[in-house]
Amino acid sequence: MKKFFILAIFALVINLVYAQDKMFSKVSTVFLLQQIEASKTEIDKAMADPKAQAKAEGWLWKSRIYAELYFDEKYKSKYPGCGDAAVAAFKKYEGLEPDFKQLADPSVAWRPLDLIYVGSFNDGRKLFEQKKWDSAYQAFLPAVYMGEIIVKKDIRKTGAKIDTISVLYTAYSAQNAKKEAEATALYEKFADLKIVGDDYKDAYVYILVYASNTKNKEKFFKYLAIAKEVYPKGDWDDYEIDFLNKNYSIAEKGELYDKEDAAGNLTARKYLLFGQMFSEIGREEKHGLDSITKMKYEKKAIDAFVKAYNKDNSLSLAAFNAGVIYYNDFGLIEERYNNNRRALQDLNTNKPPAEKDPKKKAAADAKFKEQVDGLKKANVELDKPLMETIDNAIVWLEKAYNALKNEPTKDRTIKNCLNNSVKWLANCFVFKREKVKGKDTKAFDEYDAKYKLYDGLYDKF
């Protein structure tokens, strides 16, 4: 029986030698006898010949042998770098024989690919658990490479479209190593296949944020469309507004809003986000805008907030933000109004003594009258916008208050908005009350009641 077994081996060796290139016959003989180290010696000798380097079979043998060294712990430590050598040889083989004919042969059965995959993944996993992110990323890469071939050739017979585990681990490692371009490229593999699930939504977010930060408009809108398709309930409008903020000029933002608004393409959420964007444009000094341009975007902000709330009455913050802008505008106009009134009082208080000379007196009186009339006229002109803004502030702050108080969960933001709403409403009704004092008793009583209502609610939330 023993003799027969040995003869059978020699017969097989002879058959393999005849089936293979004679340059690698000694390599195949010692490899078949499981003499891995001797196989390494022989393949290294053989591949020193430039002719051997032009043969796919030679690189396949090198990959097979070095993959065995890499997979076996006793050889792996003895021959550092054997894994990298196995991968490099594999890629050389692939370049010479892209159909993998010899690798797929039953006598090889994809074994070096499997060994490299498992060895790479195990190395990466150890480093991953140690939080050595950059090293883990590098270690995982061969597993990703081999995994793509496994999936493409359906070697596991699973019909999978992607080797999920290797790609995810490698992407996480790259992300934690701050290799943003590399992480994005890996996450795109899932997005391109429109893969969904709780574990993958963050991959789409990462792609969009990276595209936004790198000003890649084509990539951003490509993956935004996919994200909306596969996760229709996602908060994708937020990421689009973030992209616009980072990559569009102020004028382009305004033009896009007008276009999308006219086309009826904006959701309530997107109106809210546009409103926030426009209100920030008008508020931030870094833009260096003149007062007219600021006013223009402030009006766009109000328009967007109003439309957001009208589309969805649950958006209490949209109503609140509209009310805040109107209230602030009222405050600015009131300040100008009061400044004019104080200036008028100062004129009357500090009116110079009357001139004795008739001509000088007439000139002084004319100048004084001109100043007084100018201030009175200015306040007459301010009166209409003053009342319009306070009335609008009341409308939207009351809408905000009624919506905010019905919020099921009142976090710190909601509570702050509630307290501010009632405080500002109280201020508005005091102003309205004083305006009609001594002129309209009914209106005075109504405004006074409103003032007392809201003043009594301040700091109750």
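All values below were derived from every heavy atom in this structure, side-chain atoms included, with hydrogens, water molecules and symmetry-related copies excluded. In what follows, residues are counted from 1 in the order of the sequence shown.
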Problem - Residues, nucleotides or ligands: over 12 heavy atoms within 6.0 Å of Lys179 NZ - result: yes

Exercise for the section: Flag the pair Gln53 / Trp59 as yes when at least one side-chain heavy-atom distance between them is below 4.5 Å, and no otherwise. Expected result: yes

Handout entry: Note: Asp303-Lys307 ion pair, threshold 4.0 Å (strictly below)
Key = yes

Problem - Tyr309 backbone acceptor or donor facing Asn313 side chain under 3.5 Å - result: yes

Practice task
Would you check if the distance from the ring center of Phe330 to the ring center of Phe431 is below 6.0 Å?
Solution key: yes

Problem - Asp163 side-chain N/O to Val167 backbone N/O, donor-acceptor pair under 3.5 Å - result: no

Exercise for the section: Please indicate whether Lys296 has more than 12 foreign heavy atoms, meaning atoms of other residues, nucleotides or ligands, lying under 6.0 Å from its NZ. Expected result: no

Handout entry: Ion pair Asp72/Lys78, N-O distance below 4.0 Å
Key = no

Handout entry: Ring centroid separation Trp396 to Tyr327 under 6.0 Å
Key = no

Practice task
Using distance alone, with no hydrogens and no angle criterion, decide if Asn427 and Tyr454 have a side-chain donor and acceptor under 3.5 Å apart.
Solution key: no

Practice task
Ignoring hydrogens and angles, tell me if any N or O in the side chain of Glu252 forms a donor-acceptor pair with the backbone of Ser249 under 3.5 Å.
Solution key: yes

Handout entry: NZ/NE/NH1/NH2 to OD/OE distance under 4.0 Å, Asp134 and Lys178
Key = no

Problem - Flag if over 12 foreign heavy atoms under 6.0 Å of CD, Glu218 - result: no

Practice task
Drop me the distance from Ser120's OG to Arg125's CZ, to the nearest 0.5 angstrom.
Solution key: 13.0 Å

Problem - Within 6.0 Å of NZ in Lys161, more than 12 heavy atoms from elsewhere - result: no

Problem - Trace of the salt bridge (Lys or Arg N to Asp or Glu O under 4.0 Å) decision for Asp44 with Lys40 - result: CA-CA 6 Å; Asp44 288 346; Lys40 176 188 178 300; 2.9 Å; yes

Handout entry: Check: Tyr271/Asp312 side-chain N/O donor and acceptor closer than 3.5 Å
Key = no

Problem - CZ (Phe128) with more than 12 external heavy atoms under 6.0 Å - result: yes

Exercise for the section: Kindly indicate, with the supporting measurements, whether the criterion side-chain contact (heavy atoms from CB on, under 4.5 Å) is fulfilled by Leu115 and Tyr70. Expected result: CA-CA 8 Å; Leu115 296 182; Tyr70 179 48; over 6 Å; no

Fill in the blank from the handout: Contacts of Tyr79 meeting ring pair (Phe, Tyr, Trp, His ring centres under 6.0 Å) (sequence neighbours excluded), chain-then-number -> none

Handout entry: Proximity of Phe121 and Tyr169 rings by center, below 6.0 Å
Key = yes

Practice task
Determine, step by step, whether Lys201 and Val196 satisfy the side-chain contact (heavy atoms from CB on, under 4.5 Å) criterion, reporting the C-alpha distance in whole Å, the side-chain angles of both residues, the deciding distance to 0.1 Å, and the verdict.
Solution key: CA-CA 7 Å; Lys201 185 179 178 183; Val196 297; over 6 Å; no

Handout entry: Pair Thr267-Lys270, side-chain contact (heavy atoms from CB on, under 4.5 Å): steps then yes or no
Key = CA-CA 5 Å; Thr267 62; Lys270 208 163 182 181; 3.3 Å; yes

Handout entry: Main-chain N/O of Leu386 paired to Thr389 side chain as donor or acceptor, under 3.5 Å
Key = yes

Exercise for the section: Check the surroundings of atom NZ in Lys246: do more than 12 heavy atoms from other residues, nucleotides or ligands lie under 6.0 Å from it? Expected result: yes

Exercise for the section: Inspect the surroundings of NZ in Lys410 and state if more than 12 heavy atoms from other residues, nucleotides or ligands are less than 6.0 Å away. Expected result: yes

Handout entry: Partner of Tyr200 under ring-ring contact (aromatic ring centres under 6.0 Å, His included), chosen from Tyr206, Phe190, Tyr231
Key = Phe190

Practice task
Flag the pair Lys294 / Asp290 as yes when at least one side-chain heavy-atom distance between them is below 4.5 Å, and no otherwise.
Solution key: no

Practice task
Search all heavy atoms of Ala136 against all heavy atoms of Ser173 and return the closest pair with its distance.
Solution key: CB-OG, 3.7 Å

Handout entry: Heavy-atom donor-acceptor pair, Asp242 side chain to Asp238 backbone, under 3.5 Å
Key = no

Problem - Interatomic spacing from CD1 in Ile36 to CZ in Phe71 - rounded to 0.5 Å - result: 12.0 Å

Practice task
Would you confirm whether Asn406, through its side chain, and Asn402, through its main-chain N or O, come within 3.5 Å as a donor-acceptor pair?
Solution key: yes

Practice task
For the residue pair Leu425 and Lys450, establish whether any side-chain heavy-atom pair is separated by less than 4.5 Å.
Solution key: no

Problem - Which residues share a side chain to side chain contact (heavy atoms under 4.5 Å, CB included) with Ala38, sequence neighbours left out - result: Val30, Gln35

Problem - Min side-chain heavy-atom separation Tyr210-Asn213 under 4.5 Å - result: no

Practice task
Could you tell me whether the side chain of Ser316 and the main chain of Leu404 form a donor-acceptor pair under 3.5 Å?
Solution key: no

Exercise for the section: Find out whether Val27 and Ile65 are in side-chain contact, i.e. whether some heavy atom of one side chain is under 4.5 Å from a heavy atom of the other. Expected result: yes

Handout entry: Aromatic contact, Trp61 with Tyr93 (centres under 6.0 Å)
Key = no

Handout entry: Ring centre gap for Tyr223 and Tyr204 strictly below 6.0 Å
Key = no

Problem - ring pair (Phe, Tyr, Trp, His ring centres under 6.0 Å) between Phe221 and Phe243, intermediate numbers included - result: CA-CA 10 Å; Phe221 285 103; Phe243 180 85; 5.3 Å; yes

Practice task
Output yes when Glu57 and Arg64 qualify as a salt bridge under the 4.0 Å nitrogen-oxygen rule, no when they do not.
Solution key: no

Practice task
For the pair Glu97 (side chain) and Gln102 (backbone), establish whether a donor and an acceptor sit closer than 3.5 Å, ignoring hydrogens and angles.
Solution key: yes

Problem - Polar side chain donor-acceptor pair, Ser279 to Asn321, under 3.5 angstrom - result: no

Handout entry: Lys91 to Tyr145, cation-pi by 6.0 Å centre distance and 45° axis angle
Key = yes

Handout entry: Donor-acceptor contact present, side-chain Asn247 to main-chain Ser212, <3.5 Å
Key = yes

Practice task
Determine yes or no for a side-chain-to-main-chain donor-acceptor pair under 3.5 angstrom, with Asp123 supplying the side chain and Ala139 the backbone.
Solution key: no

Handout entry: Lys153 atom NZ: more than 12 heavy-atom contacts under 6.0 Å
Key = yes

Problem - Any Val118 side-chain heavy atom under 4.5 Å of Met146 side chain - result: no

Problem - Centroid-centroid under 6.0 Å between Tyr66 and Phe90 rings - result: no

Exercise for the section: Kindly indicate whether the side chain of Ile394, heavy atoms from C-beta on, has any atom under 4.5 Å from the side chain of Glu398. Expected result: yes

Exercise for the section: Would you check if Val395 and Tyr326 make a side-chain contact, meaning some heavy-atom pair closer than 4.5 Å? Expected result: no

Exercise for the section: Please step through side-chain contact (heavy atoms from CB on, under 4.5 Å) for the pair Ile325 and Phe305, ending with a clear verdict. Expected result: CA-CA 10 Å; Ile325 296 174; Phe305 286 136; 3.9 Å; yes

Practice task
Using distance alone, with no hydrogens and no angle criterion, decide if Tyr187 and Gln175 have a side-chain donor and acceptor under 3.5 Å apart.
Solution key: yes

